[in-house]
J.: 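Let me begin by handing over the structure; questions about it come next.
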There are 2 protein chains.
Amino acid sequence: MQIELKIAMNQHLFIKDPEGSELGRKILFHAVEMIQLNGFEDFTFKKLAKNIGTTEAGIYRYFENKHRLLTYLTAWYWSWLEYQIHIQTKNIKDPKSKLKIVIMILMMKSTSEAQSLHINEQKLHQIIITEGAKAYLTHHVSEDNKIKLFKPYKDLCASISNIILENNKNYTYPKSLASTIIENSHLQVFFNQNLPSLTDYSSKKNDKEIISFLEHLVFSCLKIS
Amino acid sequence: MQIELKIAMNQHLFIKDPEGSELGRKILFHAVEMIQLNGFEDFTFKKLAKNIGTTEAGIYRYFENKHRLLTYLTAWYWSWLEYQIHIQTKNIKDPKSKLKIVIMILMMKSTSEAQSLHINEQKLHQIIITEGAKAYLTHHVSEDNKIKLFKPYKDLCASISNIILENNKNYTYPKSLASTIIENSHLQVFFNQNLPSLTDYSSKKNDKEIISFLEHLVFSCLKIS
DNA sequence: CAATACGGATAGTATTACTATCACAGATAA
DNA sequence: TTATCTGTGATAGTAATACTATCCGTATTG
């Protein structure tokens with residue numbers, strides 16, 4: 001059984017809904033391929049158009065500019081993560097197990113059967129590791145925030161925050177700890193792959209130690225052994 | 001007494017040493033002003049040249065491109081931080097106090113008397129919060145790493161890592177924890193200023209709670225009460 | 001049948017990110 | 001003293017980027 005997944009996206013993230021047409025879906029698919037392969041700076045709408053077989057103007061009918069497309073992809077990713085957390089923890093009683101599942105999902109070691117057809121989640125995860133922070137590290141973050149572009153991130157953070165509080169209802173900084181483990185789960189992978197002397201992991205391929213580090217960090221903060 | 005501070009920079013960070021000439025120092029000074037004011041994306045060599053009263057070609061004699069200039073500024077910042085940690089902890093015996101000083105320095109709440117004449121450390125700190133990660137979050141991070149552009153970051157991380165081990169010599173991930181608190185000290189400030197619902201702080205202006213969060217995190221990991 | 005949506009094709013502009021060349025003034029070295 | 005080197009200014013030019021605009025055909029729908 002293949003369950004298709006459709007995530008509702010904020011209207012301001014696009015001009016025309018890319019999931020609603022063939023060309024739109026091609027844009028998403030090829031954008032993910034290209035950004036993952038050569039990075040966001042090298043990525044241009046002209047190259048994307050050429051890859052798809054359409055024109056630059058064709059892409060601009062869907063997205064205002066490439067930064068908005070990146071914001072779209074990150075928003076999609078946050079929503080997808082929150083959905084994963086929701087379905088994979090809903091039948092779990094033990095709060096500690098829930099938190100471990102959250103970390104596994106953040107590290108992409110656990111995916112439910114539901115898949116998106118035109119967005120490759122593994123490749124998108126790789127994009128988020130390197131480019132995700134660029135979606136909000138801008139001079140226009142406040143305007144973007146006003147039109148709710150980062151709502152999926154906040155919702156994800158709130159979900160994880162609640163699971164943190166289930167583990168220790170007296171913990172003072174549940175949201176800060178949530179944003180810390182979200183960002184740090186990406187950063188530690190990036191460092192392990194590219195600047196390993198900023199970490200202590202013995203293997204570049206295996207993420208077990210990163211997971212162990214993150215679990216230790218979270219459970220230490222929450223005083224759970 | 002004014003103590004001037006001169007930081008030795010990797011030769012690959014520039015074409016001509018900007019600290020060695022009047023124009024070079026103007027480039028650094030105005031680059032910091034401009035990037036802090038309007039962000040790195042808006043910053044161009046043409047605008048910088050106009051602000052200084054020189055030409056675009058004049059800037060290119062000092063830096064290959066604007067990304068390399070950003071890398072220069074971040075490298076300078078890491079070196080400066082490590083120096084601050086060195087002098088401000090050298091007479092401290094208690095490892096826990098040392099670690100608290102490290103956190104204060106990362107949060108720019110503690111500066112020694114030595115100052116740089118043409119680089120404003122407070123403004124540079126603001127730049128690092130928003131733009132610092134962009135220095136390494138690139139497709140060419142490995143090549144940049146090969147020519148040692150990130151050595152100051154690694155040295156800083158190693159210094160903090162050693163102080164962590166002084167607190168708990170059995171802790172398994174001292175460098176990972178060091179890179180975590182470095183990056184997170186910036187991120188939590190950014191979130192507090194721009195996306196506060198990702199945090200739990202009550203004041204946008206006061207960093208006390210961020211410091212308290214970071215201290216709790218570190219000392220929990222190290223099992224120190 | 002008319003209206004509208006979708007997308008292909010072409011053109012054009014301002015800005016960005018450089019590269020190259022020439023000229024000149026002041027310091028230094030032979 | 002003359003030659004040279006260094007630092008900077010001035011000007012020009014190019015390829016690519018990041019858009020914007022217009023036109024036009026085709027498919028869908030009401």
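Residue numbers start from 1 in every chain, and the chains themselves are labelled A, B, ... in the order their sequence lines are given, proteins ahead of strands.
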J.: May I have the distance from Lys46(A) (atom NZ) to dT16(C) (atom C1'), rounded to whole angstrom?
T.: 14 Å

J.: Would you please name every residue forming a side chain to side chain donor-acceptor pair (under 3.5 Å) with Glu183(A), sequence neighbours left out?
T.: Tyr136(A), Tyr153(A)

J.: Which whole-number value in Å describes the distance from Lys66(B) NZ to dA16(D) P?
T.: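 Distance, rounded to whole Å: 19 Å.
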
J.: Glu41(A) near the nucleic acid: base, sugar-phosphate alone, or nothing, with a heavy-atom cut-off under 4.0 Å?
T.: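 It contacts nothing in the nucleic acid.
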
J.: Could you give the side-chain donor-acceptor pairs of residues 29-40 of chain B under 3.5 Å, partners two or more places apart or in another chain?
T.:
unit_1   : atom_1 : unit_2    : atom_2 : d
His30(B) : ND1    : Lys26(B)  : O      : 3.1
Glu33(B) : OE1    : Lys123(B) : NZ     : 3.0
Glu33(B) : OE2    : Lys123(B) : NZ     : 3.0

J.: Please report the distance, rounded to the nearest Å, between CZ in Phe45(B) and P in dT19(C).
T.: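 Going from CZ in Phe45(B) over to P in dT19(C) covers 11 Å.
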
J.: Rounded to the Å, how far apart are Leu48(B) CG and dT16(C) P?
T.: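 Those two atoms, CG and P, are 13 Å apart.
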
J.: Report the distance from atom CD of Glu64(A) to atom C1' of dA21(D), rounded to the nearest whole Å.
T.: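 Roughly 17 Å, once rounded to whole Å.
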
J.: At under 4.0 Å between heavy atoms, how does the protein contact nucleotides 7-15 of chain C? Give one character per nucleotide, 5' to 3', with B, S or -.
T.: BBBB-----

J.: Tell me every residue that passes side-chain contact (heavy atoms from CB on, under 4.5 Å) with Asn10(B), counting only those two or more places apart in sequence or in another chain.
T.: His12(B), Leu13(B), Lys148(B), Leu149(B)

J.: For Ser79(A), check side-chain contact (heavy atoms from CB on, under 4.5 Å) against everything at least two apart and list the hits.
T.: Ile7(A), Pro152(A)

J.: Output the rounded distance in Å from CZ (Arg25(B)) to C1' (dT8(D)).
T.: 14 Å

J.: Are Asp17(B) and Lys6(B) ion-paired here, with the side-chain N under 4.0 Å from a carboxylate O?
T.: yes

J.: Starting at atom NE2 of His67(B), determine the distance to atom P of dC18(C), rounded to an integer number of angstrom.
T.: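 For the pair His67(B) NE2 and dC18(C) P, the rounded distance is 11 Å.
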
J.: When the distance from CG of Asn65(A) to P of dC19(D) is rounded to whole Å, what number comes out?
T.: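 Atom-to-atom, Asn65(A) to dC19(D), this comes out as 5 Å.
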
J.: Under the rule for side chain to side chain donor-acceptor pair (under 3.5 Å), what residues qualify as partners of Asn51(A), not counting sequence neighbours?
T.: none

